[in-house]
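Computed from a predicted structure; not experimentally measured.
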Amino acid sequence: MNIISKDPSAISSANMPDYEKEYQEFSWDQAKEELTFFEDGTFNAAYNAVDRHANSEKKDRLALIYESDTGEKETYTFSQFKELTDKFANVLTSNGVQKGDRVFIFLPPIPERYIAFLGILKTGAIAGTMFSAFQEAALIDRLSDSGAKIVVTNSELFPRIEKIWKDLPELKKIILTEKDNLPEGENLISYHQEMDKASPNFEIAHMKPDDFAYMLYTSGTTGKPKGVVHAHADLLQAILTTKYVLDVKDSDIYWCTADIGWVTGVVYGVLGVWGLGGTSVVYGGRFSPESWYKIIQDHKVTVWYTAPTAIRMLMGSPVSPKQYDLSSLRHLCSVGEPLNPEGVMWGKETLGLPFHDTWWQTETGSICITNYPSMDIKPGSMGKPFPGVVAGIVDDSGKELPAGQEGHLALKPETVYSLMKQIWKNEEKYQSYFQNGWYISGDQAYKDEDGYFWFVGRADDVIKTSGERVGPFEVESTLIEHPKVLEAGVIGKPDELRGEIIKAFVVLKQGVEPSDALKEEIAAFVKGKLAGHAYPREVEFIDKLPKTRSGKIMRRVLKAKELGLPTGDTSTLEEF
Ligand code: WT7
């Protein structure tokens, strides 16, 4: 087997030079020294990510280096960040926001997103983030379930909210971020006007460490997306993993390519890096090999955290990284879907650095199983559990399986500091994750003789397309809103570039003529209603869906049919 061994200088200069030793000695209690608590024992993640640096010798250090899609650059120091987030917190409280309220961010990648996020945390309200690709169906699910009181958005995205506002009785006000030409109306607020008036000092909310800080909607097999809620002190694991896994140091320029609508963008674009007092790059433009290489070159990025689909797109592109000066890079990491050994090796061969795969989930709140700068890489493996975290491969009864045997990838819940604290208004769903003393991830994996974990697949029907998690039910629900669609079953179809693509099997209403044009129309319908990334790239018409006798769509059977595999146990299947 192809093992990438680390050279001694890389090992000794890493923030964590000896993984095994650290794993043996680690305790979360001791690790808490990374955090600053208020004198009364309370805590605020935003104080830790901003104010404490603004009050230290780091005050003039750049927290954010921003480049827009058109190449404009803006920078923000920690002390500027402190003032802006204090102001925004004042804007919120003067507009009625109180501890525990939900305030949602629906913005493209612009600096205001980050100011808003941290400002929300300062008030003690719960910050929610959403992809700017979301359309009305995705928005209404999230904003109504969370009962969001305020949404921070811009004029371009506002019409999508405007359409559904009447169905959101708890949504009181909308804050719009542009300086000029704002739409006007009742309860529409100008970010800039309010910021200009606001005091630059805010009495930051003192929170209990377990009080809620942010929430993110994520998809499962059944039902609508669920609100995964994280606490202020979850910051600890974000900081430690940024330090020991991403290896961020004071000398680094760090770039996490993830959008804030995704948990990676929240935890590693905001909390971890700023909790540690590091400098973070945000690029507001779209992906292209040219623009991404240029960001690394121009900002001298040293640590880069990205995703397998992006890596595969770079690998497949005729644009060579050799055309750019990428010599600043020193550490590369990846997350979100399986990173093929080819991806790891491409990094090594073309950039001189292997990608380090990291595994975690919205629910775990931080990296849990991963590769480290000081640890040899087995390309294709997710690595080993983070210090403090106990991971296992278990069978259905929670019994740990020996090395080499495939089973449920599970974690001892009390060892994952940043594990979700709640599923919003859905205790039953929350409890369903915990079985026989384990947190069950929903992934299948195995562990090898050396303790490295290997991803095998999802145990459920959740789709991962370009790293983004999509629930088949959401797509099916949107499909059947199309006037010509009777029923639909949705699966993830393996795809070399995107990991999986969404494929929809559609039963048309009686009398409707199937055609290629109709397939396109249906795909576009979902794209326009649900989200830019959550639509079926493939539509197939089918006479009848495989269902259990109780009427549940058997997506497993659709998938087997698609892949030309045996359908497995179909004893509960209605005739098909
Ligand atoms: C699911 C979680 C990862 C944080 C942001 C996404 C898949 C994640 C890996 C990896 C193979 C991975 C799993 C997991 N996944 N990382 N390194 N190798 N699969 O979190 O959107 O909640 O998705 O992403 O299936 O359960 P998420």
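I369 approaches G383 most closely through the heavy-atom pair CG2-O, 3.5 Å. Minimum interatomic distance between I553 and A488 (heavy atoms only, all atoms of both residues): CD1-O, 3.2 Å. Between T364 and H230, the closest heavy-atom pair is C-CE1, 4.1 Å. L530 approaches A534 most closely through the heavy-atom pair CD2-O, 3.7 Å. Closest of all the heavy-atom pairs between A133 and H533 is CB-ND1, 4.0 Å. Residue A238 comes nearest to Y268 through the heavy atom pair O-CE2, 3.8 Å, listed as atom of the first residue, atom of the second, then distance.
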Side chains of residues 339-349: which donor-acceptor partners sit under 3.5 Å, not counting sequence neighbours?
from, atom 1, to, atom 2, distance (Å)
N340, OD1, R312, NH1, 3.1

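Sorted by first and then second residue, the side chain to side chain donor-acceptor pair (under 3.5 Å) pairs with a member in residues 491-500 read K493-E538, K493-E562, E500-K559; sequence neighbours excluded.
Atom CG in D101 sits 8.5 Å away from atom CD1 in I126 (nearest 0.5 Å). The distance from the OH atom of Y217 to the CZ atom of F104 is 5.0 Å, given to the nearest 0.5 Å. Rounded to the nearest 0.5 Å, atoms CD1 (I463) and OG1 (T465) are 8.0 Å apart. Of the inter-residue distances, the one linking R142 atom CZ with W424 atom CH2 reads 15.5 Å to the nearest 0.5 angstrom. Of the inter-residue distances, the one linking I175 atom CD1 with I150 atom CD1 reads 4.5 Å to the nearest 0.5 angstrom. Rounded to the nearest 0.5 Å, atoms CG (L92) and NZ (K173) are 10.5 Å apart.
Between the H356 side chain and the L332 main chain, a donor and an acceptor come within less than 3.5 Å of each other. A donor-acceptor pair under 3.5 Å is formed between the side chain of K464 and the backbone N or O of G336. For the pair S477 (side chain) and F473 (backbone), a donor-acceptor distance under 3.5 Å is present. In this structure, the side chain of K421 engages the main chain of L419 through a donor-acceptor pair within 3.5 Å. In this structure, the side chain of T478 engages the main chain of E474 through a donor-acceptor pair within 3.5 Å. A donor-acceptor contact shorter than 3.5 Å is absent between the side chain of K172 and the backbone of N187. Between the side chain of T129 and the main chain of I260, a donor-acceptor pair closer than 3.5 Å is present. Not one N or O on the side chain of E136 forms a donor-acceptor pair closer than 3.5 Å with the backbone of K163. A distance-only check finds no donor-acceptor pair linking the side chain of K322 to the backbone of V319 [under 3.5 Å].
By the 4.5 Å heavy-atom criterion applied to side chains, W360 and V267 are counted as neighbours. E112 places a side-chain heavy atom less than 4.5 Å from the side chain of Y191. The shortest distance between side-chain heavy atoms of L171 and I164 does not fall below 4.5 Å. Between I393 and F453, some side-chain heavy-atom pair lies under the 4.5 Å cut-off. At a threshold of 4.5 Å between non-hydrogen side-chain atoms, the residues T306 and L314 do not count as touching. Considering only heavy atoms from C-beta on, L271 comes within 4.5 Å of L121 through its side chain. In this structure, the side chains of T309 and F287 stay at 4.5 Å or more apart for every pair of heavy atoms. Annotation: side chain of F158 is in contact with side chain of L188 (closest heavy-atom distance under 4.5 Å).
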side-chain contact (heavy atoms from CB on, under 4.5 Å) evaluation trace for L139 with F106: CA-CA 9 Å; L139 293 168; F106 182 44; 3.8 Å; yes
Working for side-chain contact (heavy atoms from CB on, under 4.5 Å), residues I491 and F505: CA-CA 8 Å; I491 60 160; F505 292 89; 3.8 Å; yes
Full working for side-chain contact (heavy atoms from CB on, under 4.5 Å) between T362 and R469: CA-CA 10 Å; T362 307; R469 189 161 150 186; 3.9 Å; yes
Stepwise side-chain contact (heavy atoms from CB on, under 4.5 Å) test for V263 and Y214: CA-CA 10 Å; V263 72; Y214 74 94; 4.1 Å; yes
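Using a cut-off of 4.0 Å between Lys/Arg side-chain N and Asp/Glu carboxylate O, R102 and D145 are scored as not salt-bridged. Here E476 pairs with R555 in a salt bridge; the nearest charged N to carboxylate O distance falls below 4.0 Å.
Among residues two or more places apart in sequence or in another chain, the ring pair (Phe, Tyr, Trp, His ring centres under 6.0 Å) test is passed with F212 by none.
Between F131 and F134, the distance separating the two ring centers is shorter than 6.0 angstrom.
A tilted orientation is assigned to the rings of F355 and W304, their planes being inclined by 30° to 60°.
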